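Take a look at the structure below.
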Amino acid sequence: MTESSKPSSGAQGSGGPIGELPKQYKPADHEQRIRAQWDEAKAFHADPQRVLRGEAKPYCIVIPPPNVTDRLHLGHALNNTLQDVLARSHRMMGFETLWMAGTDHAGIATQAVVERRLKKEEGITRQQLGREKFVAKVQAFKDEYEKIITDQLKLMGCSCDWDRQRFTMDEVCARAVREAFFRLFKDGLIYRGKRLVNWDPVLQTAVADDECYDEEIDSSFYYLRYPLVHRDDPKEDAQPVTWNELARRGYPGAEKHRGEEQAWVTVATTRPETYLGDTAVAVNPKDPRANGLRGLFVELPLVGRIIPILEDDYVVLPASLENAIDFAPREHASDAPASAGAAPSAHHRPEPRGRSGAPHTGEGSEPEDPKAKYATGFLKVTPAHDPNDYELGLRHTAAIEACGNAVLINMLAPDGTVSDKHGWSDVGDAHLFVGLPREKARKKVIEEFAARTLAGSSTTLLAETRPYRHSVKHSDRSKAIIEPYLSDQWYVKVTDDRLAPAANRALVAEQRSKQQSSKQQIGADGDGELRFYPARYAKTYEQWHDGIRDWCISRQLWWGHRVPVWSMENAPPEAIQWLGLNRDSVCVRTIGTLTFACVNGLYNAAAVEKRLHTWGFGQDTDVLDTWFSSALWPISTMGWPNPQLASKGFEGLLQAFNPTTTLCTAREIITLWVSRMVMFERYLMPERWETEKTKPNALASLDENGQGRGPLPFKNVFIHAVIQDGEGRKMSKSLGNGLDPLDIIASHGSDAMRFTLCQMTTQTQDVRMPMVKDPATGRNTSPKFDLGRNFANKLWNAARFTMSMLGATSHPTSDIPHPTSLIDRWMLSRLATATSEVNEAITNFEYSNYAQTMYDLLWRDFCDWYLEAIKPTIASDVSQQAVLRTTLECILRLLHPIMPYVTEAVYEQVKLLSAAPIPGIALAPPRKGGLLCTAGWPQVAPSLRQPAVETDFERLRSLITVIREVRAQHGVVPKRRITLHVPVGTLDSSAAALVQTLAGVESISAETPGAGAVAATSDALKFQLSNLRDAASAADSGAERERLQKLIADHEKSIATLEGRLNNPGYAQKAPPAMVKQTQDQLAKAKAERDAAKAALAVL
RNA sequence: GGGCGGGUAGCUCAGUUGGCUAGAGCAUUCGCUUUACACGCGAAGGGUCCAGGGUUCGAGUCCCUGCCUGCCCA
């Protein structure tokens, strides 16, 4: 960004003349200059040696690394502001503070963006470019965005340790990935398996559930007739089953058909092309037809494959059996009028996906199931192309294999075309579908089924087509419909007790659900030490682990960490032998004739890989899921597994800062990232790390994996809100409702943005940010940030005033009388109260309270009352000068973590002022470069808190407020000095002075005023005001009457309330005595005020 | 389907173990170049705390039911 406006003379660093600061705080005049000072002083560079030498306690945050896919949005601004507040406050509190910075390579997201760019700008695909050149393109893209993101963070004022910035694919992180993979592989926790995955046929990769979204599409249910056969011996030819035969078997409704014709069952499907991969037909055992079909088979049309009829209570019973038996389509029209999906759309939630942990409940027909209306009671079973069928197929492996078929028959190529090259060989007459893409194949299947009939009859194979609207999984990145697809993938066995269950055991006991809290599960380091703020998110975390499945970590992408496994069919014996002898360098597994070798990245990897290559091994072409490297982030960024191999500056980092203190993130990340970091660190880091890490060379000597008993990556997890736009929608590029932090910084300043974001951060889970387009710049901004901008300006002007009062002369720095005046003691008491509130808020991650406390302290207490009150006395009162200076400096320090720039800019000036210290307030000087960001956190003695002083001041303040009300009501011009009539001794001289200053009172008199005076009360003190206007004009009795009547009505109302409470017999009996006393006092006061107002009304 | 939020002034939101006559900022109205600040100062108006039950001397707050709304997971 350009900082075009010339810095004003007064703001040019420490040399400028005091008191000549410009009237308004202009962020652009200061931010860049101050940032340069921070950089130059290396103010944010953490020194682990200070921790290891015992000079300071550690405080550490690792940044949730932003994806290099795009520039940062306002959600990132919030996330990073909150981290910076923690980092800066703890740094000032004396902790050696490390905020680790970095970015994430975001595999599929980045690859998809670059692929789109490539297509758009050069009109080519990545395949046309080739892997190496494509990866170079992505690398260049990453460099571009990493810089943008880093600049954004710096402009926001983030106090990261920029010298230690990492990237999830840099060599340090890559070493950690290799090592983690190797250890998990060696321990049998990484395995290769053929599984159904979410396949994106466009990007041709597996994608995770969270990389998919559901969208309703208009589709159809197709009803296919499968001819029934029987076959006693698999070697014999199958024979048709006739309706007569079925009737003899007691099949209900069989007699309605022509007895000599071949019988059939009708299956319903939305994806008819998958019938090529059918390996069974299933029926619910409760279905009355099941009995008659037992032992029979179905012959798949065209393919000719003979498949069994299975009984499984997963199968949905049809809504109406009568209709389903004969499957008479026309009768359904009345069942589902507007059958174009009207019924299902009322239940448009995604259908259950038959997860292994939660399969279909099997409780028979479910009337609410929208599918029941469409069901025939016969389910085509395609285990290789449907997750539910997959589970079903596994339950009936024997029956399926008895027919001579594999359970899993894959009929698609990776690009989504029908193919007989991927596990399907009994093509038969179905060759006419081979080579067609999914959609075309579907059409063709329907055409063929419609055109063909069952043997020896006129009944067509296609029974009916009905429109159906339903929810279908799509790929986030390509928008293609996801195909459940069978493929070879790498998995982490997170269901192992040492991974997910170990992560669950990390929760603090009080945040666990009951069945989890049994004591015997707890024991190791890291158990029971993980705490969520707000606590409710612990439940999300726990439930995620309870239902977890093994984690598919391979992605068929080019951008990412390449799977460090080499494999080959029928490896030569000398290779097998060599590999067996070098177990430190390589770990081998054999599946059938395939040999897999996982190479250890730390031991001479290049040489081993070369050797493998010579024997004919090839490296796996897949890359790892991005979260695999993210899961290592807290340790990889600090040089794990071997800081010595990382470049200089890593010594002692892990020992000093791991476990880190707090992770600060948004809630959707709990499952994706938080859990995986806990699992990996507890598995990979040594078990006794926390107790023995300070021993020399701890990492090497404790070289064993924690096996789920290791330390935590962090102790606290703070989950913050998600920012929505003014209408409660997610901010997104496509809606154009997003906000770029740099636009906010340009319009309002970084501090304004940060203050507003903090002020919005309550314990709720969503916050709204109304967005407006600035007509001048065309950029999005929000009036919400005015709050922060005004506040920064207020601080600036309070400082300006202070400078003008104290800057002109030098002041004694010692030997001054203790401040004794009411206003000074009040100010110090307010400061002490606010300081402890701020400390508490920071401890509990209560950002809104922190911001609000500072707002009230600076604006309400310091500016509105203190500064106004001291105007007449500050020039001559040296004690007061000390209070003024110290209070301002305390405010600067307390506010610095939220508003680093303006406080640093003001501090440049304020630190030049000399003044005596205030007893009870300790302000440690800056540690680096004279900068506020390295200065000590204010230590304010609790004894400065004086409730009695605050009460006295409150009384005075309400008197002043009543006088102001009377003035406003009577239209007294602001400049006019009036006279206050109170009995002798009511106000001491300092109180009297405050009233005169703050309420525009000229003189205070004990005499009774003449006509035209106005009577009023405050806290039961009766007083009169005179001299409201020139002698000639009378007081406005109408306005006064109105004011008094309203006052009386208000008091009457509260009297009624309070009397009602006291007259309630239960109240006196059961309420605490102090409460009753308080109510009595209130009642007395209200009555006195009412009476005073009545008396005033009477004289009017 | 499971889980977690939210519903308080025109708008955006506070309101900690139940206890002052429910608060703030913005917006609105009136007045003001009052020796820091109009991005300001002083004053004012504005609320059936979603609805209905219950517990209690006392409920915005705790319990139950319902309605509306958002998010996460499957």
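Every value quoted in this text rests on a predicted model; they were computed, and no experiment measured them. Labels below follow one simple rule: chain letters A, B, ... track the order of the sequence lines, proteins then strands, and each chain is numbered from 1.
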Whole-Å gap separating [atom2] ([N]) and [atom1] ([X]):
| X | N | atom1 | atom2 | value |
| --- | --- | --- | --- | --- |
| A:H545 | B:A74 | NE2 | P | 13 Å |
| A:K1087 | B:C20 | NZ | P | 21 Å |
| A:L787 | B:A27 | CG | P | 11 Å |
| A:R1061 | B:A59 | CZ | P | 10 Å |
| A:H1051 | B:C20 | NE2 | C1' | 14 Å |
| A:Y855 | B:A24 | OH | C1' | 8 Å |
| A:W865 | B:C41 | CH2 | C1' | 12 Å |

### Task
By nearest nucleotide on RNA chain B, pick out whichever of A:Q543 and A:E840 is the more 5' one.
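Taking each residue's closest nucleotide, the earlier one in sequence belongs to A:Q543.
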### Query
Within the pair A:T1057 and B:U21, is there a side-chain N or O less than 4.0 Å away from OP1 or OP2?
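Answer is no, no contact under 4.0 Å.
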### Query
Is A:R830 close enough and on-axis enough to A:W859, meaning under 6.0 Å and within 45°, for cation-pi?
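No, cation not above the ring by the 6.0 Å, 45° rule.
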### Task
Report yes or no: is the cationic atom of A:K871 (NZ for Lys, CZ for Arg) under 6.0 Å from the centre of the six-membered ring of A:F801, at an angle within 45° of the ring normal?
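Yes, cation above the ring, under 6.0 Å and within 45°.
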### Query
For the ring pair A:H30 and A:Y25, is the centre-to-centre distance below 6.0 Å?
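Here the rings of A:Y25 and A:H30 have centres that are less than 6.0 Å from each other.
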#### Entry: Within the 6.0 Å centroid threshold, strictly below: A:F718 and A:Y533
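Ring-ring flag for A:F718/A:Y533: false, centres at least 6.0 Å apart.
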Polar-atom pairs under 3.5 Å, protein N or O versus N or O of nucleotides 31-37 of chain B: list them with distances, or write none.
{"from": "B:A36", "atom 1": "O3'", "to": "A:R800", "atom 2": "NH2", "distance (Å)": "3.1"}
{"from": "B:A36", "atom 1": "O2'", "to": "A:N797", "atom 2": "OD1", "distance (Å)": "2.6"}
{"from": "B:A36", "atom 1": "O2'", "to": "A:R800", "atom 2": "NE", "distance (Å)": "3.2"}
{"from": "B:A36", "atom 1": "O2'", "to": "A:R800", "atom 2": "NH2", "distance (Å)": "2.6"}
{"from": "B:A36", "atom 1": "N6", "to": "A:C863", "atom 2": "O", "distance (Å)": "3.3"}
{"from": "B:A36", "atom 1": "N6", "to": "A:E868", "atom 2": "OE2", "distance (Å)": "2.8"}
{"from": "B:A36", "atom 1": "N3", "to": "A:N797", "atom 2": "O", "distance (Å)": "3.2"}
{"from": "B:C37", "atom 1": "O4'", "to": "A:N797", "atom 2": "OD1", "distance (Å)": "2.8"}
{"from": "B:C37", "atom 1": "O4'", "to": "A:N797", "atom 2": "ND2", "distance (Å)": "3.3"}
{"from": "B:C37", "atom 1": "O2'", "to": "A:N793", "atom 2": "ND2", "distance (Å)": "3.1"}
{"from": "B:C37", "atom 1": "O2'", "to": "A:N797", "atom 2": "ND2", "distance (Å)": "3.4"}
{"from": "B:C37", "atom 1": "O2", "to": "A:K794", "atom 2": "NZ", "distance (Å)": "2.8"}
{"from": "B:C37", "atom 1": "N3", "to": "A:K794", "atom 2": "NZ", "distance (Å)": "2.8"}

### Task
Considering only NZ, NE, NH1 and NH2 on the basic side and carboxylate oxygens on the acidic side, decide whether A:D864 and A:R860 come within less than 4.0 Å.
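Counted as a salt bridge, because a side-chain N and a carboxylate O are separated by less than 4.0 Å.
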#### Entry: Which atom of A:A503 lies closest to which atom of A:S675, heavy atoms considered
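Taking A:A503 first and A:S675 second, the nearest heavy atoms are CB-O, 4.4 Å.
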Could you tell me the Watson-Crick or G-U partner of [N], where both distances fall under 3.5 Å? Say none if there is no partner.
| N | value |
| --- | --- |
| B:G70 | B:C4 |
| B:G46 | none |
| B:A51 | B:U65 |
| B:C41 | B:G31 |

Looking for any heavy atom pair under 4.0 Å, which part of the strands does [X] touch: base, sugar-phosphate only, or nothing?
| X | answer |
| --- | --- |
| A:R977 | nothing |
| A:P783 | nothing |
| A:D786 | nothing |

Pick the [atom1] atom in [N] and in [M], then give their distance to the nearest Å.
| N | M | atom1 | value |
| --- | --- | --- | --- |
| B:C37 | B:C30 | P | 25 Å |
| B:U33 | B:C41 | C1' | 11 Å |
| B:A22 | B:G60 | C1' | 8 Å |

### Query
Among residues 531-541 of chain A, which contact RNA chain B at a heavy-atom distance under 4.0 Å?
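Here the set is A:R536, A:K539.
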### Query
For residues 842-849 of chain A, which residues have at least one heavy atom under 4.0 Å from RNA chain B?
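None, since no heavy atom is under 4.0 Å.
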### Message
What's the closest nucleotide to the side chain of A:A968 if the choices are B:G19, B:C20, B:A43?
### Response
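Selected nucleotide: B:A43.
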### Query
What nucleotide, of B:A24, B:A14, B:C72, holds the atom closest to the side chain of A:R860?
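Side chain of A:R860 sits closest to B:A24.
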